[in-house]
Each structure stands twice: as C-alpha cells, then as structure tokens.
Protein chains: 2
Amino acid sequence: MKVTGDQALVKKINKSLILHTIRKHPELSRARISEMTGLNKATVSNLVAELQEDQLVLEAGPGESSGGRKPLMLHFNAMAGCVIGMELRVKQLTAILCDLNGNVLSEADSLLQRHDLDDVLAEMKTMIGELIAKAPSTPYGVVGIGVGVPGMVDENGVVLFAPNLAWEKVHLRELLEESFSIPVVIDNEANSGAFGELNFGRGEDVRHLLYVSAGSGIGSGIIIAGELYKGSRGYAGETGHMCIEAEGIPCSCGSRGCWELYASEKAYDLASMELPAHRTPDLIGFAARGDAAAERQFSEIGAYLGIGLTNLINSFNPELIVIGGPLSEAREWLEPSMQQMVAKRTLPYHKQQLEIAFSTLGSRAAMIGAGFSAAMHFLGHTRVMV
Amino acid sequence: MKVTGDQALVKKINKSLILHTIRKHPELSRARISEMTGLNKATVSNLVAELQEDQLVLEAGPGESSGGRKPLMLHFNAMAGCVIGMELRVKQLTAILCDLNGNVLSEADSLLQRHDLDDVLAEMKTMIGELIAKAPSTPYGVVGIGVGVPGMVDENGVVLFAPNLAWEKVHLRELLEESFSIPVVIDNEANSGAFGELNFGRGEDVRHLLYVSAGSGIGSGIIIAGELYKGSRGYAGETGHMCIEAEGIPCSCGSRGCWELYASEKAYDLASMELPAHRTPDLIGFAARGDAAAERQFSEIGAYLGIGLTNLINSFNPELIVIGGPLSEAREWLEPSMQQMVAKRTLPYHKQQLEIAFSTLGSRAAMIGAGFSAAMHFLGHTRVMV
DNA sequence: CGACTTTGTATATTGCTTAAACAAAGTTTT
DNA sequence: AAAACTTTGTTTAAGCAATATACAAAGTCG
C-alpha cells in the first residue's frame with residue numbers, strides 16, 4: 001500500500017521538520033524556526049509544545065533581544081535517550097555509548113581471538129550489556145543499537161557474506177534484537193563510516209559523498225542526495241573488486257586485477273620489493289624513520305588508490321571523497337601520489353568542485369556512524385519529494 | 001525554504017498518486033483505485049472529478065460487473081497533450097512527437113553536416129517547428145520538449161561539454177524555451193536512454209537499472225530507486241573514462257586505459273588486426289557474412305564490455321543492465337564473450353538477481369526517454385518519503 | 001516615558017480526508 | 001419474478017491541522 005496524504009501525515013512532516021531543524025542548530029527561538037521553515041508561528045508553537053511533552057526539545061531560557069521581546073531559546077534534548085554504536089573488525093570489537101547527537105559518553109573495546117559466530121556474539125552481548133549498564137538515566141533509555149560489520153549486509157540485517165570472518169547468512173539483527181529488545185541496525189562498515197563522516201566529519205552540507213575505507217580490503221559507502229545508497233539487495237559499494245588491470249593478478253573473487261590487490265594491505269603480500277614489515281602500524285613506523293622501501297610501498301599504494309578513485313569520480317561525480325580505514329593513518333606518504341594521479345586522470349569538469357580528504361574521525365568513523373544511524377532510526381524522518 | 005505540510009500538499013500528493021495509478025493501468029474503476037491506494041472512496045471520487053475537469057482522466061463507460069453494480073471504468077487521457085522527444089547525435093538529429101504515454105505519433109530525422117551551434121540549433125528549431133505543426137488538436141497542446149545530447153549537461157539544461165560536437169557551455173534549454181515558450185528538458189543521451197528503457201523497455205518494475213550506451217564512446221545512465229541519478233552537478237555516469245588498464249593506452253581525457261578505448265567504436269582505430277571496415281553497420285555486415293576479423297573484433301569488444309560492466313555491477317549492484325546504442329546492434333557477436341566475462345568475474349552475491357539484456361527500444365531509447373521525461377515533467381509527481 | 005519591535009499565544013476560518021449513511025445498478029437465490 | 005444480497009459511487013456531517021489575524025507580553029530606543 002502506498003503512502004497517502006492526510007492530516008496526520010501533514011503533522012508528521014512538520015513535526016519532523018521542526019525537530020530536525022532544532023537538532024541541527026544549537027539554539028533557536030520559535031520565531032526563527034517559523035522563519036526558517038516557512039511554517040506559521042502558531043503551528044511552530046503547537047508542535048514545539050508536543051516535542052517538549054515528548055521530551056525531545058527543551059527550553060533553555062531567554063536569549064539576546066534584537067530590539068524587542070527576548071526570544072525563548074529551544075534546543076534539542078540529545079539526552080532524551082542513548083544509543084550504542086559498534087564496529088566489528090577482524091581482530092577487534094569496538095563500541096561506544098552516545099547520546100542522540102552522537103556525543104560519546106562511554107567507550108569499550110576488546111580483542112577477538114576467534115571468529116566463530118558463538119564467540120563473537122557472546123562478546124558483542126557482553127560489551128553491549130556493559131554499555132547499557134553504564135547508560136545514564138534518560139526518559140527513553142537506550143533506544144537503538146547500530147553495528148558496522150566487514151561484509152555484505154542485506155536489508156533485513158542479515159550478514160550475507162563476510163569473507164574475513166568466514167561468516168555466511170548470519171541473522172545478526174534478529175539475534176541481537178532477541179537478546180535486548182531494542183531496535184538494531186546492521187550495516188556494512190563502509191556504509192556506517194560514510195554516514196559518520198557525513199554527519200560529524202567533513203561531510204556537513206554535502207549531498208553526494210563517497211567514503212572509501214582502506215584496510216585489509218577496500219570498501220566504500222555511497223551517500224546520494226544526503227542518504228546512504230544501497231543497491232537492489234542492500235550491498236552496493238563493493239568497489240574493492242573493481243578491475244583496474246584487465247589482465248592483472250588473479251583475485252580470490254574469481255576476477256583479475258582487482259583494485260584492493262593494489263591499493264589495500266593486500267598489496268604488502270605482492271610487493272615487488274622487500275618490505276621491513278607487513279602490518280600497517282609497523283610499516284608506518286618504518287616510513288616515519290625514513291625507510292625507503294616502506295615509503296615507496298605507500299607511495300605506490302597511493303597511486304593505485306588514485307586510479308580507483310578516478311573511476312569512482314567518473315561514475316558518481318561526488319562532491320567529497322573521504323579516505324578512511326586503517327590505511328588512512330599513512331596519509332603522509334599516500335596523499336602526494338594519490339592526489340597527483342587523480343589530478344592527472346580526472347575529467348576537467350569533475351575536478352571543479354571535488355575535494356578529496358582524509359577522515360577526521362579516523363578509525364572511529366564506522367562506530368560513530370552506526371550509532372548515529374540507530375539514533376536517526378529512533379527519531380524518524382518524514383518528508384516530501386516533488 | 002523547505003517543503004512544509006498543509007492541506008494543499010495533501011491534496012497534491014493524493015491527486016498525483018491517483019493520476020499515476022490510473023496512468024500505469026489501462027482501466028480502473030474508482031472503487032479499485034480506492035482499494036489500491038488506501039484512499040477513501042469519497043476522496044477518490046472528488047479527486048477523479050478534478051482530474052476529469054483537468055481533462056487528464058476520461059470515463060470509458062461501464063465495465064464487467066463482479067456481482068453488483070457495474071463499475072465505471074476510467075483511463076488516463078494520454079491525448080490531453082503532446083510532447084516532443086529528440087536525440088542529438090554526432091551525425092544525425094532524430095525526433096518524435098508522442099502523446100503523454102510515450103506513444104509515437106510522428107517521426108522526423110535529418111543528417112547533420114556541421115556541428116556549429118548555429119547550424120544545429122537552426123535544424124533543431126525547424127524540426128521541432130514541423131512536429132509542432134503536425135501535432136493534433138489537444139486540450140493542452142504541446143506541453144514539453146525533451147532533448148538527449150551526447151555530452152555533460154548540468155541541472156539548468158546547459159550543455160557543459162560535448163567533445164564530439166565541440167560544444168562548450170551551451171545554454172540549450174534557455175535557447176529552445178525562448179523560441180517556443182514550452183518547458184524544455186535537456187539531458188545526457190545515456191540518461192534519456194535509461195529513462196526510456198525504465199518506462200518502455202525491459203525496466204518495468206525495476207528499481208535499480210543501469211543503461212550502458214555504446215557507440216562512438218560509452219555513456220551510462222543510472223536509475224536508483226526508480227529515479228534518474230545525477231551527480232552533484234548533474235553529470236554523473238561518464239563511465240566511458242573509467243580506467244580498466246592502469247598503464248593502458250593514453251586517452252584524450254588525460255588518463256590511460258579508459259574503458260571506451262577498448263569497448264566502443266574507438267577500438268576500431270586501435271585494433272590489433274586488419275579490419276575490413278571501420279563503421280559499425282559495415283562491420284556488422286562483414287561479420288554476418290562470416291568475416292573472421294570482424295567477428296573477432298566484436299568478440300574482443302564484448303569481453304572488454306564485460307570487464308567494465310563488472311566494475312559497475314560491483315559498485316551499483318543493479319537489478320538490470322541494458323546495453324544500448326549503435327554497438328548494441330552487434331549483439332549476436334558481442335554477447336557470448338561479454339556474458340562469459342561477467343559470469344567469470346562477478347562476485348557470487350551480485351550474480352543472484354542480475355540480468356544483463358540488450359535494448360529492446362534499440363536506437364530509439366534516448367529519443368523516447370527524452371520525450372517521456374518531458375511528459376512526466378508536465379504531469380508532476382509529488383510524494384512522501386519516510 | 002512613550003513609540004516602536006519582536007516574540008509567542010489565542011481565536012475564527014478554511015479546506016481536506018474520512019466514516020457512515022445512502023442511492024443506484026447490478027447479480028443471485030428462492 | 002420478486003426478494004435478498006453485492007458492488008459502486010455520492011452525499012453528509014465530523015474531525016482536525018494549518019493559517020491569517022488579532023492580541024498580549026516583554027523587550028529596545030530616542
């Protein structure tokens with residue numbers, strides 16, 4: 001059944017509009033909301049009153065007068081509830097407890113020895129349980145759990161395939177919702193990272209953003225028109241297996257010359273030269289001390305990153321590309337060759353308004369994004385398209 | 001200013017919903033519309049009455065009874081107005097006059113000798129003028145003109161760059177609207193083709209579709225969630241310059257190893273073997289007569305098409321890919337090697353629900369899509385997102 | 001201190017969807 | 001063939017949300 005229009009819908013649209021307007025601005029008066037949204041002052045007053053009853057909006061007292069009566073400032077009550085954001089990596093589980101605006105209240109992490117579902121799930125439950133216990137008393141309590149995982153996820157929160165964990169068809173959302181009776185959002189780690197950067201990193205006021213996470217492989221999250229784009233079955237963005245060398249090295253996926261063979265940590269194993277180390281943090285250490293092989297390896301990876309980015313730029317024409325993931329820590333040595341390659345190979349019109357940046361959230365992007373995704377799910381977002 | 005909700009909006013949403021419901025089904029009664037949309041019978045009656053006044057819906061007389069009063073069947077009045085769809089190619093200008101449902105009423109085409117704006121524009125105006133003259137008498141007359149052009153187009157209908165025409169920053173929409181005082185929609189040829197296939201070709205009931213137009217270059221139109229996706233400045237889909245060979249042949253775009261060097265008509269010039277002809281229709285003739293060189297050339301192009309398609313599949317995860325453009329006429333020789341390459345190189349999960357097909361609209365896809373785009377612009381489409 | 005501004009609320013009006021009753025036009029049962 | 005049931009589409013009254021307008025409250029400024 002399609003969505004039809006009635007008065008309840010009108011109210012929902014306007015209430016949602018007001019809530020998110022307040023959320024995105026530190027302090028606003030009713031009068032300014034009326035100006036900004038185009039809604040009548042009376043409408044704003046009514047809906048704000050309801051939002052106050054819902055405890056989602058608070059009155060912060062009088063503000064500065066601009067030549068008349070002092071405005072009563074409103075602000076979003078980020079502490080109306082809490083959410084948990086979690087990232088599952090190959091060797092590590094990290095999580096945060098944060099408020100509805102993504103402010104971190106508490107953190108937790110633990111190393112993973114084994115990858116079988118039972119062990120990982122037990123560890124996840126323990127960690128979530130501990131964070132829930134730490135949650136401050138709020139009107140709504142913990143209202144959502146978001147998890148970023150290194151694999152393909154469908155629209156029902158099923159992890160279809162996670163090669164690095166050797167997982168297949170794991171009904172993760174269902175499993176967690178059964179344990180905690182709280183709405184759970186499962187997403188690909190790159191998608192979560194993209195959502196994090198969009199809202200808290202470089203991506204503010206950006207409509208089309210591409211987040212590329214480089215680590216043990218390459219994944220990417222695609223934001224289109226301010227929203228996460230997922231393909232027909234929810235697992236687009238597997239750009240690591242994009243072919244950049246038609247007759248290149250055979251890949252485990254069945255293809256040849258995949259991008260991530262040249263531009264992720266996988267390149268270490270195929271390096272033409274002798275490397276002093278095979279783990280990114282160690283290699284960064286060597287590069288920092290001037291090791292030529294390490295520097296050259298990063299520079300080469302940077303160049304290949306640039307080649308793949310060019311393909312994405314020509315397909316998506318994004319406004320901003322953010323490079324994240326473990327490899328992004330080697331920015332110093334990756335960036336020159338990467339930017340050079342992109343500058344040389346991109347169509348002139350695409351270059352005009354494109355910025356390529358490294359993540360400001362660092363390795364926390366996915367975790368923060370997952371949590372915020374759960375928060376947005378709780379708040380809802382109804383709007384009109386013309 | 002953002003879109004707010006009020007009663008006028010509710011009416012607009014519901015009227016639009018009813019109109020498009022009727023448009024997509026050959027015949028419907030008010031009662032069935034009420035069931036299908038979830039709107040109250042009274043609401044449907046009122047809005048249908050308005051649509052009848054607007055001449056967009058007609059009553060077709062009584063239908064079959066299903067055990068009670070006979071229903072009064074309604075249908076969309078495709079002849080409430082006409083639109084013109086046009087495709088500008090390097091050597092040819094083609095256009096159609098069609099009704100609001102994309103049914104062709106009249107066709108026209110002419111060869112282009114020169115590419116300077118004045119000449120082309122004059123020819124376009126003549127052709128449009130002739131089609132307008134041929135338009136039958138309808139309540140609204142000719143309500144829109146849609147044009148597909150071989151180049152990048154921004155959101156204001158400006159042709160930013162069309163290398164094959166040597167055009168730059170041509171305000172095409174403005175120029176045509178000034179001449180005819182009818183709304184004009186300008187789009188990239190591949191985007192128009194994608195829209196045509198979505199609505200009249202293979203793409204019915206498909207949400208994520210990729211249309212790849214192979215000819216003198218490669219362009220692609222991306223349909224996401226049933227809608228044409230355009231990048232931040234309106235010219236995404238330039239996938240022809242995607243790099244599939246890191247150290248490949250230098251391209252005029254500044255990069256190396258671009259897809260279209262290997263998988264479009266450009267491959268003829270770089271062919272490793274002696275070709276009996278250098279124009280696609282001729283080469284198809286030779287292949288049909290069993291010429292080995294021609295057959296091998298097409299097979300090679302097919303393989304490279306497959307490589308590039310794999311990249312697009314991994315990035316977009318579409319449900320359907322449609323191959324169109326002049327080269328698609330060589331389907332017989334392209335398809336085997338192309339399908340084989342895709343089957344070999346695609347991630348298993350992507351393969352599950354993917355279909356790769358050749359265009360059913362043939363070379364008319366862009367023209368039909370451009371016209372229909374203009375028709376949809378006239379009818380409007382207001383809806384809600386949750 | 002009086003005139004003007006700005007903020008936020010109260011009131012009457014408008015207009016849309018809806019539920020329920022109803023009229024019209026069939027079919028099926030007895 | 002008449003009565004009973006079905007289906008279709010319209011009419012009517014009710015409910016409700018946004019809006020314009022008026023107004024009260026609380027400030028600034030000369």
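Treat the numbers as computed from the prediction; the structure is a model and nothing was measured. Residue numbers begin at 1 in each chain, while the letters A, B, ... track the order of the sequences.
With sequence neighbours excluded, the residues satisfying side-chain contact (heavy atoms from CB on, under 4.5 Å) with B:Ala8 are B:Asp6. Every residue meeting the side-chain contact (heavy atoms from CB on, under 4.5 Å) condition with A:Ser65, not counting sequence neighbours, appears here in chain and number order: A:Lys70. Taking the ring-ring contact (aromatic ring centres under 6.0 Å, His included) definition, one finds that B:His381 meets it with B:His20, sequence neighbours left out. By the ring-ring contact (aromatic ring centres under 6.0 Å, His included) test, B:His171 is found to be paired with no residue, residues two or more places apart in sequence or in another chain being considered. Residues that satisfy the side-chain hydrogen bond (donor to acceptor under 3.5 Å, both in side chains) test with B:Glu59, not counting sequence neighbours, are B:Arg30. For B:Tyr140, the ring-ring contact (aromatic ring centres under 6.0 Å, His included) partners at least two apart in sequence or on another chain are B:Phe378. For B:Glu27, there are no side-chain hydrogen bond (donor to acceptor under 3.5 Å, both in side chains) partners at least two apart in sequence or on another chain. The side-chain contact (heavy atoms from CB on, under 4.5 Å) check on A:Leu228 picks up A:Asp187, A:Asn191, A:Ala194, A:Ile223, A:Lys230, with sequence neighbours excluded. Listed by chain and number, the residues in a side-chain contact (heavy atoms from CB on, under 4.5 Å) with B:Lys12 are B:Thr382 (sequence neighbours excluded).
Between B:Glu59 atom CD and D:dT8 atom P there is a gap of 14 Å when expressed in whole angstrom units. Distance CG (A:Leu9) to C1' (C:dC16): 13 Å, rounded to an integer number of Å. Protein atom CD of A:Glu64 is 16 Å distant from nucleotide atom C1' of C:dT5, rounded to whole Å. Atom CG of A:Leu28 is separated from atom P of C:dT7 by 12 Å (rounded to the nearest Å).
In this structure, B:Phe316 has its ring center under 6.0 Å from that of A:Phe316. Taking the six-membered ring for Trp, A:His377 and A:Phe372 have ring centres at least 6.0 Å apart.
Across the helix from C:dC1-D:dG30 to C:dT30-D:dA1, the helix axis at one end is tilted relative to the axis at the other end by 0° (nearest 10 degrees, each axis from five pairs).
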Base-contact (B) and sugar-phosphate-only (S) positions in nucleotides 17-29 of chain C, heavy-atom cut-off under 4.0 Å, - elsewhere: SBB----BBBS--
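Using a 4.0 Å cutoff on non-hydrogen atoms, no part of residues 48-58 of chain B comes near DNA chain C.
Between B:Arg32 and D:dT8 there is no side-chain N or O to OP1 or OP2 distance below 4.0 Å.
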